[in-house]
Amino acid sequence: MTLDELADLTCTLAGAWLPGREDSVFPIADGYSDKHQQEMYHAITSGSATAILNTNPTGGGKTLSWAAPVIRSQEQTETSAALATYPTRALVRDQQDLLLSYFRRYFEDDEWTPEWSVVSPSEEQIQLEHESGTRCALSDRVQIVTGAGPTDPNRTTTGFQRAEQAITRGEQVGLPTIVLTTPDALTLLATGRYSDRDLGALPSLVDLIVIDEFHLTNPRGKRLLPFHLDTYLSLGRGPLEQVVFLSATPSADYVERITRSMDTIHVTREVTADPPAVGRHILPEATLGVVHQPLFHAGEWLSNHVADVEEFVAPPGQTLIIVDSVREVEVLAHSLRKHTSYDVGRVYGWKKEGRTEAIEESDIVVGNTAVEVGIDFTRVNRLIFAAHDPNSALQRLGRMRAQDRFNDYRALCITTPAVQDRIYERSADGHLTRPELEQIFFDEFDTPGARRPYDDLCATYARYLWSEADPSLNEMYVPAETLNAYKSLVYTHFGSELEQLYGQQFTADSLWQTLEASEYLGRDEVMDELHTYRGSSLSCVVIDTTDETEPLKQYNLQHVLRYYDGEIIPTDALVAQFESVTGRSLTTDEQAYLEQVSWYSECGFIVSNPRDTPRTVGAQQLGWKPTEPTLTIARNLRITASPSVTGQQHLAPLATDVLVYYTPMAMDRARRTYGLGPYANVFAYRGGSLFLWEDALLAHSAELAEQLSQ
């Protein structure tokens, strides 16, 4: 039996073409550019809208669509500066390489920039040289500001200061500058939480802010980041003129929120299954098989059918397999290496070293969420992907791009029974369009961040920011008359949803009064959680003695305790233990990585081997015995594992007070009921479940939403 025959249903998935024009906006496409790139170029250079939305598919050239007008601004009297955010630090580094290649391509072209040239005074440095003799390092044109993490913002301050200097220097010599950072850093700037108060003005030094891959932003960011940006635009103190939102897989709710609250242009998202008169083939027609498996079981299921996977591979093309967990990657890659003759590469974790080789040289690449964005696969003609989240599923499907050298593409989607049933219904004639598949994914997967009670939390937080937060926005934006403008912003961004929640009509003033009376405003622990960034998961730094290629990693603590045997160690023992168990010192990159992640990890863990039977992971706090669903603060909360793991004494009570939500439901049922997905921080507690931090707020909102619907 082949992998195709193992599928419960098979249909033909249509390809995708982007319409274009014989008119280039940048020296990269031989006199051709996509229609949406043309529209983006004119929207940005003309300043015709406050917000610009580009939701073209994966591989559609969205990055170039905004980078081209920024880089080409050197043709004008005043050069531009842009601040672009990406959801992960790894993606920031990848985009730096891409954007620098755009800069180099542009300034190397004598027809586009006759007064500039690219010179290399040494192998280590590439410079831009003007005909007047002025030189500037190419690397200065794209600045990275990621720091070690937003809970220690001073470590990011120097990065922003360096970016400011690059912008100023660029203006002096007539060159544009792009600064890359994360949404969390931008949120901290927006709420004034850096020790250097001057940094709050950084967005006023740029002309454009870009929010890329906004579908990956957490629910809080999806509510508050557009609001913060609109606050900058409406109440700001500088020349910031526009914001750009980019995503290949946007939710309708988020798009509607932006278009309602901001003066918006939504550029062409015209994708056709047939070639237009002028256009670019980006996604291929493919045979799509569908089968259902539980979450986190795709890797095991494929390992049990490794011979069928081997038959599925079609050299000289490449097979890409995307599963949900690190454990699945490891188990499946091991099985494929052991039982097939193909070269198998893995892509996950933080290390960029070796990733390019794995992608370019492997016959089969096995990865997780790390391959969803920022990586271009140039020869994938076979794709197997787990689909339990709409955005991830569509990003994964988009990894298989149209290539002239292949005419046979096959994909296997491993998903839920409900999604499989819907695909069966919609493909009754044997065909399925990509918009139809996209709609199925969004209809069938729950989106917890779309619930109205969560809007109530975020709107109250917007009120909290004005005068209750430290520092408060009314200290940043003066004079005091700006309060009325701020009230209007809050109403524009949150009023529609809260009118549905409260069942009444609001004005800007009446909504403000309602928020002042909100029970949340008086609950410091809730507002503190919304105001203080914490990672979305409890982390553990892992020394993996079973993995020679990547022995140092960071995993979710639940994942490690459930699926690995080994020893828990304190984080301050990581360096010594690493040298002891590996027999070598940390490399420079490993040392830098350890410094970056260890300060917010709960512990370290030395992996000895994977477990056949997962442990039960729970939480414990003496003296607290809730019986009904409760949102509260837990103190001295301790994570537990059964059966016990060596070194469990190092799982000390969590260092901070933790916002928690208790439900009498068992973990698996609670996770499904509240729709919080596979990575939620939920632990067994006294016969029920305990959600932590951000997930506590989402679970609480889900419970309120359920009560309101009854």
From [X] atom [atom1] to [Y] atom [atom2], the distance as rounded to the nearest 0.5 Å:
X: Gln395; Y: Glu213; atom1: CD; atom2: CD; value: 5.0 Å
X: Asp363; Y: Arg379; atom1: CG; atom2: CZ; value: 6.5 Å
X: Gln127; Y: Asp140; atom1: CD; atom2: CG; value: 9.0 Å
X: Asn54; Y: Leu246; atom1: CG; atom2: CG; value: 5.5 Å
X: Leu320; Y: Gln318; atom1: CG; atom2: CD; value: 7.0 Å
X: Ile144; Y: Ile178; atom1: CD1; atom2: CD1; value: 12.0 Å

Are [X] and [Y] packed together at the side-chain level, in the sense that at least one heavy-atom pair is separated by less than 4.5 angstrom?
X: Asn56; Y: Leu18; answer: yes
X: Val210; Y: Val243; answer: no
X: Thr50; Y: Thr264; answer: no

Legend entry - Audit row: Leu100, Tyr102, side chain to side chain contact (heavy atoms under 4.5 Å, CB included) steps and yes/no: CA-CA 5 Å; Leu100 283 173; Tyr102 287 159; over 6 Å; no
List the residues meeting side-chain contact (heavy atoms from CB on, under 4.5 Å) with [X], not counting sequence neighbours, and say none if there are none.
X: His130; value: Glu115, Trp116, Ser132, Thr134
X: Thr231; value: Phe227, Leu235, Tyr477, Tyr486, Leu489
X: Thr168; value: Gln172

Which pair of heavy atoms, one from [X] and one from [Y], lies closest together, and at what distance?
X: Glu129; Y: Val119; answer: OE1-CG1, 3.7 Å
X: Ala411; Y: Met400; answer: CB-CE, 4.1 Å
X: Gly61; Y: Arg280; answer: N-NH2, 4.0 Å
X: Ile44; Y: Pro69; answer: CD1-CG, 3.7 Å
X: Pro226; Y: Tyr254; answer: CG-OH, 3.2 Å

Inset, instruction - Report the C-alpha separation of His36 and Ser65 in whole Å, then their side-chain angles, then the decisive distance to 0.1 Å, and conclude whether the side chain to side chain donor-acceptor pair (under 3.5 Å) test is met. - result: CA-CA 7 Å; His36 75 89; Ser65 73; 4.6 Å; no
Legend entry - Qualifying residues under side-chain hydrogen bond (donor to acceptor under 3.5 Å, both in side chains), relative to Ser48, sequence neighbours excluded: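 Ser48 satisfies side-chain hydrogen bond (donor to acceptor under 3.5 Å, both in side chains) with Ser46 once adjacent residues are dropped.
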Keeping [X] on the side-chain end and [Y] on the backbone end, is there a donor-acceptor pair under 3.5 Å?
X: Asp23; Y: Gly31; answer: no
X: Arg105; Y: Pro27; answer: yes
X: Gln95; Y: Leu91; answer: no
X: Gln242; Y: Ala43; answer: yes
X: Arg401; Y: Val380; answer: no
X: Ser362; Y: Val365; answer: no
X: Glu328; Y: Ser325; answer: yes
X: Arg141; Y: Pro176; answer: yes
X: Tyr409; Y: Gln403; answer: yes
X: Thr181; Y: Val145; answer: yes

Inset, instruction - Hey, can you tell me if Trp112 and Phe26 have their rings parallel, tilted or perpendicular (30° and 60° cut-offs)? - result: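 Judged by the thresholds at 30° and 60°, the geometry between Trp112 and Phe26 is tilted.
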Inset, instruction - Answer yes or no: are there more than 12 heavy-atom neighbours, outside Glu78 itself, under 6.0 Å from its atom CD? - result: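 Incorrect, the count does not exceed 12.
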Legend entry - From CA spacing to verdict: side chain to side chain donor-acceptor pair (under 3.5 Å), Gln554, Ser601: CA-CA 8 Å; Gln554 185 186 40; Ser601 296; 3.1 Å; yes
Inset, instruction - In sequence, state the C-alpha distance, the side-chain angles, and the governing distance for Ile126 and Val118, and then conclude on side chain to side chain contact (heavy atoms under 4.5 Å, CB included). - result: CA-CA 7 Å; Ile126 300 172; Val118 176; 3.4 Å; yes
Inset, instruction - Inspect the contact between Asp343 and Arg337 and indicate whether a charged nitrogen and a carboxylate oxygen are less than 4.0 angstrom apart. - result: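 No salt bridge links Arg337 with Asp343.
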Inset, instruction - Using a strict 4.0 Å threshold on nitrogen-to-oxygen distance, state whether Asp389 and Arg396 make a salt bridge. - result: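 Not counted as a salt bridge, because no side-chain N and carboxylate O are separated by less than 4.0 Å.
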Whether the [X] and [Y] side chains hold a donor-acceptor pair (N or O, under 3.5 Å, no angle test) is what I'd like checked.
X: Thr55; Y: His266; answer: yes
X: Thr588; Y: Gln591; answer: no
X: Gln74; Y: Tyr106; answer: yes

Legend entry - Contacts of Glu131 that satisfy salt bridge (Lys or Arg N to Asp or Glu O under 4.0 Å) - sequence neighbours left out: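 Testing Glu131 for salt bridge (Lys or Arg N to Asp or Glu O under 4.0 Å), a comparison that skips the adjacent residues, returns none.
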Inset, instruction - List for me each residue that meets salt bridge (Lys or Arg N to Asp or Glu O under 4.0 Å) alongside Asp544, sequence neighbours excluded, and say none if there are none. - result: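 Asp544 satisfies salt bridge (Lys or Arg N to Asp or Glu O under 4.0 Å) with Lys553 once adjacent residues are dropped.
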Legend entry - Candidate pair Ile322 and Asn368, rule side chain to side chain contact (heavy atoms under 4.5 Å, CB included), full reasoning: CA-CA 5 Å; Ile322 312 176; Asn368 61 353; 5.5 Å; no
Legend entry - Residues Arg584, Glu579; criterion salt bridge (charged side-chain N to carboxylate O under 4.0 Å, His left out); working and verdict: CA-CA 5 Å; Arg584 66 171 178 84; Glu579 295 176 350; over 6 Å; no
